[in-house]
Structures are given as structure tokens and as C-alpha cells.
Protein chains: 2
Amino acid sequence: MEYIASPKNEHIKAAKKLTNKKYQKQGQAYLLEGWHLVEEALKAGVTPKRLYATDKYLNERLLKPFYDITTEISPEVANHLAETPTPQGIFAVMPRVPGALSKTLSGQFLLLDGIQDPGNVGTLVRTADAAGIGTVVFGNGTADAFNPKVLRAMQGSQFHVNLVTAPLPALVDQLKAAGVPVYGTELNVNALPYTEVAPSAQFGLIVGNEGNGMDAGLLRQTDTNLYIPIKGRAESLNVAIAAAVVLFHLTA
Amino acid sequence: MEYIASPKNEHIKAAKKLTNKKYQKQGQAYLLEGWHLVEEALKAGVTPKRLYATDKYLNERLLKPFYDITTEISPEVANHLAETPTPQGIFAVMPRVPGALSKTLSGQFLLLDGIQDPGNVGTLVRTADAAGIGTVVFGNGTADAFNPKVLRAMQGSQFHVNLVTAPLPALVDQLKAAGVPVYGTELNVNALPYTEVAPSAQFGLIVGNEGNGMDAGLLRQTDTNLYIPIKGRAESLNVAIAAAVVLFHLTA
């Protein structure tokens with residue numbers, strides 16, 4: 001097995017660049033960090049392009065079938081590749097494959113309209129995964145799915161959920177044309193308490209920007225707007241929390 | 001009005017220290033940053049000990065009654081006091097008053113057992129506030145309520161919810177003795193889907209550490225353990241997301 005001791009090695013420099021969207025798109029790959037996330041990829045049957053691991057991982061049963069694509073790295077290299085303060089010492093170069101929408105739209109969709117915080121985006125995808133949502137659509141202004149902070153918060157849900165980047169206004173029209181009701185989550189005079197909509201096998205739920213809410217045009221396109229009645233004195237909920245409450249109701 | 005231009009001013013040095021738990025306890029005060037959070041404090045009728053503001057805030061109507069305790073600061077001082085990369089230029093020294101439990105325990109309680117991430121702790125308190133929970137109890141190993149990152153994620157909910165620090169094992173006994181059912185959130189063979197417990201005006205809900213879950217002894221003390229059935233392939237939910245789903249059900 002090849003061993004790389006120096007962070008200045010060309011392969012390591014190239015791998016480090018795969019935390020950046022521009023280089024990810026060029027190389028059609030992204031860098032995944034940490035044992036738990038690499039484990040999720042392998043369990044989901046997604047084959048890495050390359051694995052970089054310190055010696056403490058070399059005896060892991062799960063890695064054995066991948067020895068021919070594994071490179072041992074020094075702790076110094078691990079520190080260089082890592083985006084976290086205390087790296088675990090294992091990294092995978094994963095194929096960055098954009099998801100796509102099927103021609104006939106059906107099922108349950110979560111639509112992200114300008115969700116900027118990577119932690120929120122990752123948590124939204126993880127939550128959608130747990131609720132059994134098939135597709136999460138990344139609209140304009142939403143943090144990229146392969147941003148290192150999004151990857152951390154997703155906890156491997158990119159291997160379970162179809163992640164698609166698409167302009168939301170056209171998609172909402174397509175969903176409605178396909179008979180899939182689209183719900184907004186913006187408080188307005190016509191908004192319904194979310195508990196008044198029955199759980200259903202088909203819907204699109206849109207959540208909007210942390211500070212500014214949903215785009216006004218997109219809001220007008222929705223069939224119904226839902227809100228979560230607030231019992232205490234909080235002004236609002238975190239966007240991932242609000243999505244979770246509504247999604248677990250709609251998929252109950 | 002006094003004006004402070006230099007970050008080396010003794011008052012500014014003292015205010016900056018109020019982001020740190022040790023000095024917060026000594027001074028019985030904490031530093032709150034940003035217009036929205038200061039606004040929440042004033043709206044809730046909590047009087048700051050001191051306000052520091054750049055000139056752009058000096059005409060705010062809400063601040064007028066507090067001119068005698070307001071000091072104008074330079075943008076340089078604002079940058080020094082700030083914990084955020086793009087400070088808004090307003091800070092309040094707030095009284096740090098520990099909450100207390102009433103002698104007769106009744107109502108709805110959220111109990112935090114070793115929640116380490118400040119963002120999670122703040123989001124949990126904000127979510128509890130929105131769900132109308134009266135008291136959040138900070139057990140051992142939980143991030144401090146006045147940690148700057150907790151304050152940011154709480155979004156002012158410390159002014160709406162009773163925040164108490166207390167050892168959870170004794171409290172759980174007291175709740176049970178008072179007839180308040182205590183629910184855990186740890187998946188085990190006896191755990192019930194959360195939807196099988198009816199909403200109620202009285203309960204304690206315990207959420208556990210992000211990585212290790214609830215303390216085993218505490219788990220044995222609970223009346224019932226609840227779990228959220230996972231429909232997709234996510235292994236688990238973020239702790240604040242899980243708490244939100246259960247709390248909005250129990251308070252429906």
C-alpha cells in the first residue's frame with residue numbers, strides 16, 4: 001500500500017481541493033471526512049474513488065475490499081486534509097453525481113428555497129431522510145449539498161435521498177401539473193395550521209430562507225401555506241425544526 | 001452620553017469578559033450581542049445593566065428610555081466585543097439570574113442530559129419556548145445557557161422560558177413524586193412510538209447526549225421511553241429535531 005507522509009504531496013493537494021465546489025465540479029468528486037460518514041457510504045454500496053486512512057483504520061473489516069484504492073497517510077496529512085479540529089484520520093474521495101428528477105413526478109419532495117446555513121441544509125436533508133422523503137431539491141441561494149459543513153450535518157443522508165439542484169418556480173409548476181400538491185411554509189392571512197392538512201403519499205413542501213422567508217413569487221405558486229401555531233413567546237422556529245414538525249406530520 | 005473609542009478601555013475589557021462563564025458568575029451578568037436579541041430583552045421587560053451601541057442605533061425608539069445606561073462605542077470597540085464575524089454594533093450587559101424550580105412541580109418540562117453542542121442547546125430552548133414549555137432544565141454536561149453560541153441559537157427565549165440548572169436524577173424523582181410522568185427518548189426494546197402517548201398538560205421529556213444518548217441510570221428512572229419511527233434510512237435524528245417532533249406532539 002502506498003504511504004504518503006507529506007501534506008505537500010500532489011495527490012493530497014488535489015484531494016484537499018475537493019472540499020471546494022469549483023474543484024468538485026471539475027473533478028466530479030468530493031472529499032468525505034470521518035469514519036462514520038465513510039462507513040455510511042460503504043454501507044450504502046457507493047464505491048469511493050480513493051480512500052486515505054491513517055494506520056489505525058487499516059484493519060477495519062469494512063475497508064478490506066478497498067485496499068487497492070486505499071493510501072495510508074500520516075497524522076500530519078490527516079490534519080491537513082481535515083476540516084474538523086480533531087480529525088479521525090480517514091477520508092474518501094467520493095463521486096459527485098448530481099441527482100435528477102424522474103420524468104413523472106410523484107411522491108414526497110422537500111424544496112429548499114435559499115437556505116443559506118450549511119448546518120441547516122444538512123439537518124434538513126437528514127430529517128427528510130428520516131421522514132422517508134424521496135427527493136430534496138436545492139433551489140437558488142441554497143448551500144451546496146457537498147459543502148463540508150453540509151456533509152457533516154447530513155450524516156450520510158446523501159446516500160439515501162435523491163438530491164437535485166433545480167430552479168424551484170418551474171418545478172412547482174411541474175409538480176402541480178402532475179397532481180402533487182405544493183405547500184408553502186410562510187405565515188400569511190390565508191395560512192392553515194399544518195395539522196389541518198392530512199398526511200399524504202404525495203406532496204411538495206417548500207421551506208424558505210432563514211431571515212427573509214420564502215420568495216414572494218414562489219409563495220403565490222403554492223396550493224396552500226402552512227404554519228405551526230406558536231404556543232409560547234418565541235417569534236419563530238429554526239427552519240430545520242419547522243420542516244421536521246411539518247414533515248413528520250405529513251408523513252405520519 | 002459617554003463615548004468609548006478604544007477596545008483597551010477598562011469597561012470594554014470587563015464587558016468582553018462577560019462572554020465567559022467564570023466572569024459571568026462573578027459579575028452575575030452576561031453579554032448579549034445584536035439588535036434582535038437586545039430587542040427581545042427590552043420587549044420582555046428585562047432591564048439591561050448597561051448598553052453599548054455604535055451611533056447607528058442611537059436613534060432607535062426602543063433605546064430612548066435607556067439613554068442613562070447607554071455608552072456610545074466606536075466600530076473598533078464593536079468589533080472587539082463581538083463574537084460574530086460581522087457585528088451589528090449593539091451589546092447589552094444583562095443580569096445573569098439563575099432560574100429556580102417552584103416547590104410544587106407541575107406543567108411541562110424539557111430536561112437536557114449532557115447536550116454538548118451550544119447550537120443544539122440554544123435551538124432546544126427556542127423550540128421549547130415555541131411549544132409553550134415552561135421550564136428547561138440543564139443537567140450535567142450540558143452547555144451553559146449563557147454561552148455566546150447558546151445565546152445566538154436561543155434567539156431570546158431565555159426571556160420567555162424558566163432556565164434551571166439542576167442534577168437530573170433528583171429532579172426526575174421529584175417530578176414522579178409530584179405525579180408528572182417522565183419520558184425518556186432512548187431507543188430500547190420497551191420504547192413506544194411517541195404518537196402512542198397522548199398530549200398532556202403535565203410531563204417531563206428528557207433528551208440525551210448527541211453521541212452517547214441518555215445516561216443509563218436516568219433512563220431506568222423514566223416512566224416510559226419514546227422513539228420516533230424512522231421511515232427512511234437515516235440512522236438517527238439531530239437531538240433538537242427529535243425533541244421538536246416529540247414536543248409538538250405532546251403539546252398538540
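From a predicted model like this one, the values you see are computed outputs, not experimental measurements. Reminder, nothing fancy here: chain letters follow the sequence lines and each chain counts from 1. Computation of the quantities below employed the complete heavy-atom set of this structure, encompassing side-chain atoms and omitting hydrogens, waters and symmetry-equivalent molecules.
- No other option in A:Gly156, A:Ala244, A:Ser236, A:Ala131 has as many heavy-atom pairs under 4.5 Å with chain B as A:Ser236.
- Looking at A:Ala252, the atoms closer than 4.5 Å to chain B (heavy atoms on both sides) all sit in the backbone: N, CA, C or O.
- B:Ile228 touches chain A through its side chain: at least one heavy atom from C-beta onward sits under 4.5 Å away, while N, CA, C and O do not.
- Chain A forms more heavy-atom pairs under 4.5 Å with one residue of B:Thr195, B:Leu237, B:Val125, B:Thr127 than with any other, namely B:Leu237.
- Using a 4.5 Å heavy-atom cut-off against chain B, no residue of residues 138-154 of chain A qualifies as contacting.
- Of the residues considered (B:Val245, B:Ile241, B:Ile230), B:Ile241 shows the highest number of contacts with chain A, using heavy-atom pairs under 4.5 Å.
- A:Asp129 and A:His160 get closest at one heavy-atom pair: OD2-ND1, 2.7 Å.
- Heavy atoms of B:Thr251 lying under 4.5 Å from chain A belong to its backbone as well as its side chain.
- Minimum heavy-atom separation, B:Leu37 to B:Phe159: O-CE1, 4.0 Å.
- Of the two parts of B:Thr123, only the side chain, counted from C-beta on, holds a non-hydrogen atom closer than 4.5 Å to a non-hydrogen atom of chain A.
- With a 4.5 angstrom heavy-atom cutoff, B:Ala130 touches chain A via backbone and side-chain atoms both.
- Side-chain contact of B:Ser157 with A:Arg233: a donor-acceptor pair under 3.5 Å is absent, judged by distance alone.
- A donor-acceptor pair shorter than 3.5 Å can be found between the side chains of A:Asn238 and A:Asn120.
- Looking at every heavy atom in both residues, A:Gln202 comes nearest to A:Gly107 through OE1-N, 2.8 Å.
- A:Val207 pairs in a side-chain contact (heavy atoms from CB on, under 4.5 Å) with only one of the listed residues (A:Thr185, A:Leu111, A:Asp113), which is A:Thr185.
- To the nearest 0.5 angstrom, B:Glu39 atom CD is 6.0 Å from B:Leu62 atom CG.
- In this structure, the separation between CG on A:Leu205 and CG on A:Leu124 is 9.5 Å, given to the nearest 0.5 Å.
- Look at B:Glu235 and A:Lys43 and you find a salt bridge, because one of the NZ, NE, NH1 or NH2 atoms lies within 4.0 Å of a carboxylate O, short of that distance.
- At a threshold of 4.5 Å between non-hydrogen side-chain atoms, the residues B:Phe203 and B:Phe109 do not count as touching.
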